[in-house]
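What follows is a single structure, written as structure tokens, with notes after it.
Counting starts at 1 for both ligands and their atoms, following the listed order.
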Amino acid sequence: MDTTGIPHRPGRLPVIGDLIGANPRTPLQDTLRIGERLGPIFTRKIFGFEIVFVGGVDLVTELNDEKKFGKHVGMGVENLRAVAGDGLFTAHTHEPNWRLAHDILQPAFSAEAMRRYHPVMLEVAHELTSAWDAADGPVDVAADMTRLTLETIGRAGFGYRFGSFERAEPHPFVTAMIRALRYAQLQNVKLPFVRRAFAGTPEQNRADIATMTDLVDEVIEAREGSENLLDLMLTEGHPATGERLDPVNIRNQAITFVVAGHETTSGALSFALYYLTRHPELLAKARAEVDAVWGDREPAFSDVAKLRYVRRCLDEAMRLWPTAPGYSREASEDVVLGGKYRMRKGDWVIVPLPLVHRDPSAWPDPERFDPDRFEPAAAKKRPAQAYKPFGTGERACIGRQFALHEAVLALGMVLQRYDFEVDPAYELKIVESLTLKPSGFTLRPRVRDRAAENVGAVR
Ligand code: MNH
């Protein structure tokens, strides 16, 4: 698009542009730092390749208008097609397989489907608490939340057990996936030697993709015919036309759902625990809710949505660190954005969500962790497009309800069962792959002594 008049960092150089200071490991955090100074719209240019970023709520409200814009499959997402092909996340909206798969898979995310997943989610949450009961030192929160979410999507989606809690190291699928995601993301790095140093070799990448596809093929082979995602894909046709998904697309969907179905939820749980353990008074409030609503019972399906405050803690964690940290929007006609910036049909911009979620016009004191922002009365006062952790429009997250049920359930169970000893020296450090997660964040969980806590309180 025509970028004249859009701010950029001072000191842009010929040829390399804004390269200096750009860290290939932290593109999102670099963009945040730059955006916080430059305002609601800005560009970054590296080797003649200029990208427009839009983080202001007003402009994003225009971009989220489905009549004028749609999802752009570019940058990070385009590269992922090497891994996930025309799976739901990486498909172009105009590819027939997008709508076909969307319509076939929608029933797997209905309220009724969530009810079926609940026992599986509960079983996996118990594996987490068993692991934490047995831990005699600090636990790596993000690693254990990844075990939880991978196991949950494996079992609920595919009837497959990764055995995450029985392994000291991640499952080989996860190791291959993390490397393949990093490889895909770093294909945007323009300097070949930097790219190779950070991303690994094409041979390694081919091997990683083979590890993933082999496992998925094995899972499809071994399917036991319960009512899960895989089952829908293999047995159901389109609700209107009866058309079925082809085998290559099913494999792409399986990889997509395993990846999209666990990384983000794991990060959201980890950030929520980070903020709650940094704010003991908020943790106490969340736990009081769990105690009041669940007591020491195991939660039934309908108990999960009753944890309104726990849910707000997750919402607020995903405001500060939306674990899928952005999306791209493409003009579907010639438009003028914000009455100023000309976009031709096909021009696109990136929406870095942590900037949208910190726009001071919608979020007073944006850096403060405050779950009460999500009380219904407060939320109603905000512009509708100020909070988009699950994306927007018809290409928004299909797994939202799945993720929220799983995350509220797991966080509720953890608050119900443990006190936490924190490492006071820890400062939040965020690793970027496709998603965001706290790095090196540990807690020491201790099973609560309810009887002792209640002394004096109950008379
Ligand atoms: Mn999910 C799309 C965030 C959990 C499966 N997801 C998206 C998008 C965002 C997103 C943002 C839109 C991306 C874009 O516009 O390019 N997703 C999340 C977050 C969580 C999450 C923050 C957890 C927290 N997602 C899940 C889970 C599943 C899932 C769980 C599956 C079980 N997400 C998807 C799929 C898509 C998607 C599939 C692509 C949907 C489509 O384009 O039709």
Which residue in the set Glu123, Glu166, Glu151 passes salt bridge (Lys or Arg N to Asp or Glu O under 4.0 Å) when paired with Arg161? Glu123
Would Arg382 count as a cation-pi partner of Phe374, with NZ or CZ less than 6.0 Å from the six-membered ring centre and within 45° of the ring normal? yes
Sequence neighbours left out, what pairs pass ring-ring contact (aromatic ring centres under 6.0 Å, His included) with at least one residue falling in residues 230-262? Phe109-Phe257
Non-neighbouring partners of Gln253 that pass side chain to side chain donor-acceptor pair (under 3.5 Å), sequence neighbours left out: Asn249
When you compare the side chains of Ser266 and Thr146, does any donor N or O come within less than 3.5 Å of an acceptor on the partner? yes
Pairs where residues 360-373 contributes a residue and the test salt bridge (charged side-chain N to carboxylate O under 4.0 Å, His left out) is met, not counting sequence neighbours: Lys285-Asp372, Glu316-Arg373, Arg358-Glu367, Asp365-Arg368, Arg368-Asp370
Residues around ligand 1, heavy atom under 4.0 Å from any ligand atom, sorted by chain and number. Can you pull those? Lys71, Leu88, Phe89, Trp98, Phe109, Ile153, Phe257, Ala260, Gly261, Thr264, Thr265, Met318, Thr323, Ala324, Tyr327, Pro389, Phe390, Gly391, Arg395, Ala396, Cys397, Ile398, Gly399, Phe402, Ala403
